[in-house]
Q: 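Input: one structure, supplied below.
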Amino acid sequence: MAERRIGLIMNGVTGRMGMNQHLIRSIAAIRADGGVKLANGDTIMPDPVIVGRNRAKLEALAKAHGISRVSTDLDACLADPKDEIFFDAATTQMRAGLLTKAINAGKHIYCEKPTADTLADALAVAKLAKEKGIKNGVVQDKLFLPGLRKLKMVIDSGFLGRICSVKGEFGYWVFEGDLQPAQRPSWNYKKAEGGGIILDMLCHWRYVLDNLFGNVEAVSCLGAVHIPERIGEDGKPYKADADDAAYATFQLEGGAIAHINSSWVTRVRRDDLVTFQVDGTHGSAICGLHKCWTQSRVATPKPVWNPDQPQTIDFFAGWQEVPTTQDFPNGFRVQWEEFLKHVAGERPDYPWNLLAGAKGVQLAEAGLKSWAERRWIDLPKLEA
């Protein structure tokens with residue numbers, strides 16, 4: 001049994017998502033647990049260099065989490081043959097350019113979504129990686145959530161029968177910054193900085209819908225800017241001109257219809273920050289981030305509409321929770337481990353790649369076009 005080092009350039013991990021989910025809860029955690037075990041008994045040990053503009057911040061982060069290498073020179077890192085993988089979690093607007101540079105430097109690619117802010121750029125990067133023979137992956141973390149994995153098991157069991165519809169509710173109230181500090185950075189609400197919930201969340205919904213319920217064939221989307229002014233990190237008001245809510249309907253291959261509301265301007269009165277209800281001919285299921293419940297055809301209550309009498313049925317009582325029968329590690333970490341195995345050659349098939357990422361950008365771009373033109377947009381099949 002041998003330990004194989006894989007050098008990893010991590011760009012953009014001083015931000016909230018890159019730091020918490022990718023550096024601390026994924027790579028640092030993998031290292032602390034002794035690496036990733038391969039089927040042949042060998043171990044992959046990721047050896048990251050974290051890259052950014054502020055050396056002091058990088059060094060403090062590295063010291064806190066047992067990382068020995070930092071750099072403010074990305075070009076030098078890309079030129080170093082000892083590092084095989086380039087990871088990016090920095091700004092969406094710069095991503096396509098950085099990925100292109102890394103691919104041309106011969107690095108394997110793993111990155112956050114969206115992979116670009118336009119479909120043309122996302123496809124160009126995917127095609128370049130294919131031409132160069134570069135292994136590549138895009139974060140599709142929600143597929144690895146315990147709730148959605150339980151839901152996938154319910155679907156695969158045949159419990160639901162033919163799926164008729166999917167209803168998704170995502171979001172919470174993001175404070176404007178006056179009454180309480182905002183819990184999301186201000187760039188999310190600025191068009192010029194790549195903000196907007198459609199570009200952010202429809203990329204997620206593409207891979208969730210494609211992998212669980214059926215490929216997305218068309219979309220009708222209405223966006224909104226419900227709060228046009230917010231308070232920035234500097235305490236000053238700014239114009240929030242990027243969409244903070246989206247109301248989208250999707251036609252899926254096979255005939256099912258999905259509708260997902262995405263909002264940073266909603267107060268939560270449901271089981272979780274995101275829920276998906278799936279109704280089928282033989283049963284229904286609803287899941288959040290961690291839990292999943294089902295209701296069979298024979299256990300479905302038979303209500304009668306009577307607005308003159310208080311409801312007598314406890315509609316929550318007729319659902320059965322899917323038990324937790326296995327451990328569900330952090331979803332970001334799970335996908336990192338799968339990608340490291342892919343780079344090491346253990347799993348040649350890796351479906352969560354740059355083409356899958358481009359499909360997410362395709363749906364977001366179609367959603368924005370649908371909103372602007374107030375019509376349905378068909379999604380042609382993509383190829384890299």
Q: So, does Glu193 use its side chain to make a donor-acceptor pair with the main chain of Gly195 at under 3.5 Å?
A: no
Q: Run the salt bridge (Lys or Arg N to Asp or Glu O under 4.0 Å) test on Asp75 and Lys101 for me, step by step, so that the C-alpha distance in whole Å, both residues' side-chain angles and the decisive distance to 0.1 Å come before the verdict.
A: CA-CA 9 Å; Asp75 289 339; Lys101 181 183 287 190; 3.1 Å; yes
Q: Between Met45 and Arg4, is a side chain to side chain contact (heavy atoms under 4.5 Å, CB included) present by the stated rule, with each step listed?
A: CA-CA 6 Å; Met45 181 59 72; Arg4 174 179 169 181; over 6 Å; no
Q: Show the numbers, then the answer: is there a salt bridge (Lys or Arg N to Asp or Glu O under 4.0 Å) between Glu59 and Lys63?
A: CA-CA 6 Å; Glu59 289 177 346; Lys63 182 178 180 181; over 6 Å; no
Q: Is Lys239 salt-bridged to Glu229, cutoff N-O under 4.0 Å?
A: no
Q: So that I can tick it off, tell me whether Asp117 and Lys191 are bridged by a salt bridge, with the cut-off set at under 4.0 angstrom between side-chain N and carboxylate O.
A: no
Q: Between Cys287 and Leu151, what is the shortest heavy-atom contact and its length?
A: SG-CD2, 3.7 Å
Q: Just verifying a value: how many Å separate Thr72 OG1 and Arg53 CZ, rounded to the nearest 0.5 Å?
A: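 Here the interatomic distance stands at 11.5 Å.
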Q: Between the side chains of Arg270 and Asp272, is the shortest nitrogen-to-carboxylate-oxygen separation below 4.0 Å, so that they form an ion pair?
A: no
Q: Look only at the side chain of Ser26 and the backbone of Leu23, and say whether a donor-acceptor pair between them is shorter than 3.5 Å.
A: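 No, because the side chain of Ser26 does not come within donor-acceptor range (under 3.5 Å) of the backbone of Leu23.
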Q: For residues Asn215 and Leu209, determine if any side-chain heavy atom of one lies less than 4.5 Å from a side-chain heavy atom of the other.
A: no
Q: Would you give the length of the straight line joining atom CZ of Arg25 to atom CG of Asn20, rounded to the nearest 0.5 angstrom?
A: 4.5 Å
Q: Any ion pair linking Arg5 and Asp47 (charged N to carboxylate O, less than 4.0 Å)?
A: yes
Q: Regarding Lys167 and Asp279, does a basic nitrogen lie under 4.0 Å from an acidic carboxylate oxygen?
A: yes
Q: Look at the side chain of Ser186 and the backbone N and O of Gly232, then say whether any donor-acceptor pair between them is shorter than 3.5 Å.
A: no
Q: Salt-bridge test for Asp121 and Arg95: reply yes if a basic N is under 4.0 Å from a carboxylate O, no otherwise.
A: no
Q: Look at the side chain of Arg149 and the backbone N and O of Leu143, then say whether any donor-acceptor pair between them is shorter than 3.5 Å.
A: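 Between the backbone of Leu143 and the side chain of Arg149 there is no qualifying donor-acceptor contact (under 3.5 Å).
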Q: So, Glu337 and Lys341, do they make that salt bridge, N to O below 4.0 Å?
A: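 Not counted as a salt bridge, because no side-chain N and carboxylate O are separated by less than 4.0 Å.
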Q: Looking only at heavy atoms, which two atoms of Asn188 and Ala242 are closest? And how far apart?
A: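 Looking at all heavy atoms of both residues, the closest pair is O-CB, 4.0 Å.
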Q: Do Trp336 and Tyr110 make a side-chain contact, defined as non-hydrogen atoms from C-beta onward lying under 4.5 Å apart?
A: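 Yes, their side chains come closer than 4.5 Å.
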Q: Measure from the side-chain N and O atoms of Lys113 to the backbone N and O of Gln140, and report whether any donor-acceptor pair falls under 3.5 Å.
A: no
Q: Ignoring hydrogens, what is the shortest heavy-atom contact between Leu58 and Gly52? Give both atom names and the distance.
A: CD1-N, 3.4 Å
Q: Please confirm whether Trp205 and Phe276 have ring centers closer than 6.0 angstrom.
A: yes
Q: Supply the atom-to-atom distance Met153 CE to Cys292 SG, rounded to the nearest 0.5 angstrom.
A: 7.5 Å
Q: Quick one: are Ile85 and Phe339 in side-chain contact, heavy atoms under 4.5 Å?
A: yes
Q: Determine whether Val322 and Leu148 fall in the same hydrophobic cluster, where Ile, Leu, Val, Met, Phe, Trp and Tyr are linked whenever their side-chain heavy atoms lie under 4.5 Å apart.
A: yes
Q: Would Leu355 end up clustered with Phe86 when hydrophobic side chains under 4.5 Å apart are linked, directly or stepwise?
A: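 Different clusters: Leu355 never reaches Phe86 through Ile, Leu, Val, Met, Phe, Trp or Tyr contacts under 4.5 Å.
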Q: Taking side chain as C-beta onward, heavy atoms only, is Pro301 less than 4.5 Å from Gln295?
A: yes
Q: Below 4.5 Å, heavy atoms only, C-beta onward: do Leu8 and Glu84 meet side chain to side chain?
A: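 No, side chains not in contact.
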Q: Should we count CG of Asp349 as having more than 12 external heavy atoms under 6.0 Å?
A: yes
Q: Mind checking whether Ile9 and Val139 sit in one hydrophobic cluster, side chains of I, L, V, M, F, W, Y counted as touching below 4.5 Å?
A: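 Unlinked, Ile9 and Val139 end up in two clusters.
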Q: If you count heavy atoms of other groups shown closer than 6.0 angstrom to CZ of Phe315, is the number above 12?
A: yes
Q: Taking C-beta and beyond as the side chain, do His342 and Leu340 meet within less than 4.5 Å on heavy atoms?
A: no
Q: Say you draw a straight line from CD1 of Ile109 to CD1 of Ile103; how long is it, rounded to the nearest 0.5 Å?
A: 4.5 Å
Q: So that I can tick it off, tell me whether Asp200 and Arg184 are bridged by a salt bridge, with the cut-off set at under 4.0 angstrom between side-chain N and carboxylate O.
A: yes
Q: Is the ring centre of His282 less than 6.0 Å from the ring centre of Phe159?
A: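 Distance test on ring centres: not under 6.0 Å, no.
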Q: If every non-hydrogen atom of Pro114 is compared with every non-hydrogen atom of Thr92, which pair is closest and at what distance?
A: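 The answer is CD-OG1, 3.7 Å.
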Q: Between Arg69 and Asp83 (salt bridge meaning N to carboxylate O under 4.0 Å), is one present in this structure?
A: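 Salt bridge flag = yes for Asp83 with Arg69.
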Q: Is it true that atom NZ of Lys152 has more than 12 heavy atoms of other residues, nucleotides or ligands lying nearer than 6.0 Å?
A: no
Q: What's the spacing between Leu61 CG and Ile24 CD1 if we round to 0.5 Å?
A: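 The CG atom of Leu61 sits 6.0 Å away from the CD1 atom of Ile24.
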Q: Is it true that Val208 and Val334 fall in one hydrophobic cluster, defined by side-chain heavy atoms closer than 4.5 Å?
A: yes
Q: Compute the centroid of each ring, for Trp352 and then for Tyr350, and state whether the two points are separated by less than 6.0 Å.
A: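 Yes - the distance between ring centres of Trp352 and Tyr350 falls below the 6.0 Å cut-off.
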Q: Assess the side chains of Gln21 and Asn330: does a donor N or O sit below 3.5 Å from an acceptor N or O?
A: yes
Q: Are any of the side-chain heavy atoms of Phe332 and Glu112 separated by less than 4.5 Å?
A: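 The answer is yes; the side chains approach within 4.5 Å.
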Q: Checking the side chain of Gln183 only, and the main-chain atoms of Trp173 only, is there a donor and an acceptor separated by less than 3.5 Å?
A: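 Yes, Gln183 side chain to Trp173 backbone: donor-acceptor pair under 3.5 Å.
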Q: Walk me through whether Lys130 and Lys127 qualify under side chain to side chain contact (heavy atoms under 4.5 Å, CB included).
A: CA-CA 5 Å; Lys130 184 177 180 180; Lys127 289 177 179 178; 5.6 Å; no
Q: Counting N and O atoms only, with roles assigned by atom type, does the side chain of Glu253 sit under 3.5 Å from a partner on the main chain of Asp210, one being a donor and the other an acceptor?
A: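 No, because the side chain of Glu253 does not come within donor-acceptor range (under 3.5 Å) of the backbone of Asp210.
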Q: Please determine, by modelled atom types, if Asp88 and Asn11 share a side-chain donor-acceptor pair under 3.5 angstrom.
A: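 Note: Asp88 and Asn11 side chains meet the donor-acceptor criterion.
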Q: Please check this pair: side chain of Asn136 against backbone of Leu354, looking for a donor-acceptor N/O pair closer than 3.5 Å.
A: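 Yes; at least one donor-acceptor contact below 3.5 Å.
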Q: Any chance you could lay out the side chain to side chain contact (heavy atoms under 4.5 Å, CB included) test for Leu382 and Gln362, step after step, and finish with the verdict?
A: CA-CA 9 Å; Leu382 294 184; Gln362 178 192 36; 3.6 Å; yes
Q: Is there a side-chain contact between Ile231 and Glu176, using heavy atoms and a 4.5 Å cut-off?
A: no
Q: Between Thr115 and Leu99, which heavy-atom pair has the shortest distance, and what is it?
A: O-CD1, 4.1 Å
Q: Between atom OG1 of Thr275 and atom CH2 of Trp293, what is the distance when rounded to the nearest 0.5 Å?
A: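 Rounded to the nearest 0.5 Å, the OG1-CH2 separation comes out at 9.0 Å.
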Q: Shared ILVMFWY cluster between Trp376 and Phe250, side chains joined below 4.5 angstrom?
A: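 No: no chain of side-chain contacts under 4.5 Å links Trp376 to Phe250.
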Q: Which class fits the ring pair Phe87 and His22: parallel under 30°, tilted 30 to 60°, perpendicular over 60°?
A: tilted
Q: Would you say Thr294's side chain and Ala285's backbone share a donor-acceptor pair under 3.5 angstrom?
A: no
Q: Give the minimum heavy-atom separation between Val361 and Ala116, together with the two atoms involved.
A: CG2-O, 3.7 Å
Q: Give a yes or no answer on whether the side chain of Glu346 reaches the backbone of Lys37 with a donor-acceptor pair at less than 3.5 Å.
A: no
Q: Aromatic rings Phe170 and Tyr172: how do their planes relate, parallel, tilted or perpendicular, breaks at 30° and 60°?
A: perpendicular
